[in-house]
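Data block below; observations after.
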Amino acid sequence: MSYWLMKSEPEECSIDDLVRLGRVPWTGVRNYQARNFMRDDMRVGDGVLFYHSSCPEPGVTGLAEVACPAYPDATQFDPQSKYFDAKSARDNPRWLHVDVSLVRKTRLLSLAEMRGMPALEGMRLLQRGNRLSITPVSAAEWRAVTKALDAKAA
DNA sequence: GCCAACGTTGGC
DNA sequence: GCCAACGTTGGC
């Protein structure tokens, strides 16, 4: 079993949207590394840290899991979509994604608080210059995060 | 294949 | 709005 951190802009899909819907298709990823994680490395049941980015209070806001194997992203073929990709062929789709289902909403574990946790020092998310919207999380990092989520805010 | 220009991400 | 970091594009 592997663990992942997946960034979502709350204006696009927030933890409350995930609570309401129960499961969401992770469409719109247009970065090859992130796509490869979903296509090649994710397995159904993998743990997901649901992270709010590009917002006033960035941080982990919930736990989720990978709900299905990767499949073609429909938005790449939709000229009306902002994720439309004219260079992607229907018989050889460039972009794939998994679905993510809710495990539970948590308190906000803010980016600032995470930066203060020694156990997360090596976390990919926290590395300088990291911009990837999907990053692997080690089992030790997962344990530290879930433990912190169950504790009071620092 | 190199690399400059440009675009995007995302915290601050 | 700024800007660092990094990915992508495209001319050569």
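We name chains A, B, ... by the order of the sequence lines, and we start the count at 1 in each one. FYI, side chains are in, hydrogens and waters are out, and symmetry mates aren't considered; it's all heavy atoms of this structure. If you're wondering where the values come from, they're calculated on a predicted model, not measured in any experiment.
Closest to the side chain of Lys87(A), from the set dG10(C), dC6(C), dG10(B), is dG10(C). Distance from the side chain of Tyr32(A) is smallest to dT8(C) among dG11(B), dT8(C), dG7(C).
For the pair Arg30(A) CZ and dC6(C) P, the computed distance is 23 Å after rounding to whole Å. Remark: C1' of dT8(B) and CZ of Arg131(A) are 6 Å apart, rounded to the nearest angstrom. Between Met6(A) atom CE and dG10(B) atom P there is a gap of 13 Å when expressed in whole angstrom units. Spacing between atom CG of Asn31(A) and atom P of dT8(B) amounts to 13 Å, rounded to whole angstrom units. We find that CD of Glu11(A) is positioned 14 Å from P of dT9(B), with the value rounded to whole Å. Separating the CH2 atom of Trp95(A) from the P atom of dG7(C) is a distance of 13 Å, rounded to the nearest angstrom. Between the CD atom of Glu9(A) and the C1' atom of dG10(B) there is a distance of 8 Å, given to the nearest Å. Remark: C1' of dG10(B) and CD of Glu57(A) are 16 Å apart, rounded to the nearest angstrom.
Side chains of Asp73(A) and Thr75(A): a donor-acceptor N/O pair is present below 3.5 angstrom, by distance only. The closest side-chain donor-acceptor pair between Asp99(A) and Tyr71(A) falls under 3.5 angstrom.
OP1 and OP2 of dT9(B) both lie 4.0 Å or more from every side-chain N or O belonging to Lys7(A). Residue Tyr83(A) places none of its side-chain N or O atoms closer than 4.0 Å to OP1 or OP2 of dT8(B).
The same ILVMFWY cluster, assembled from side-chain heavy atoms under 4.5 Å apart, contains both Val98(A) and Leu18(A).
Aromatic rings from Trp95(A) and Tyr32(A) are positioned such that their centres are separated by under 6.0 Å.
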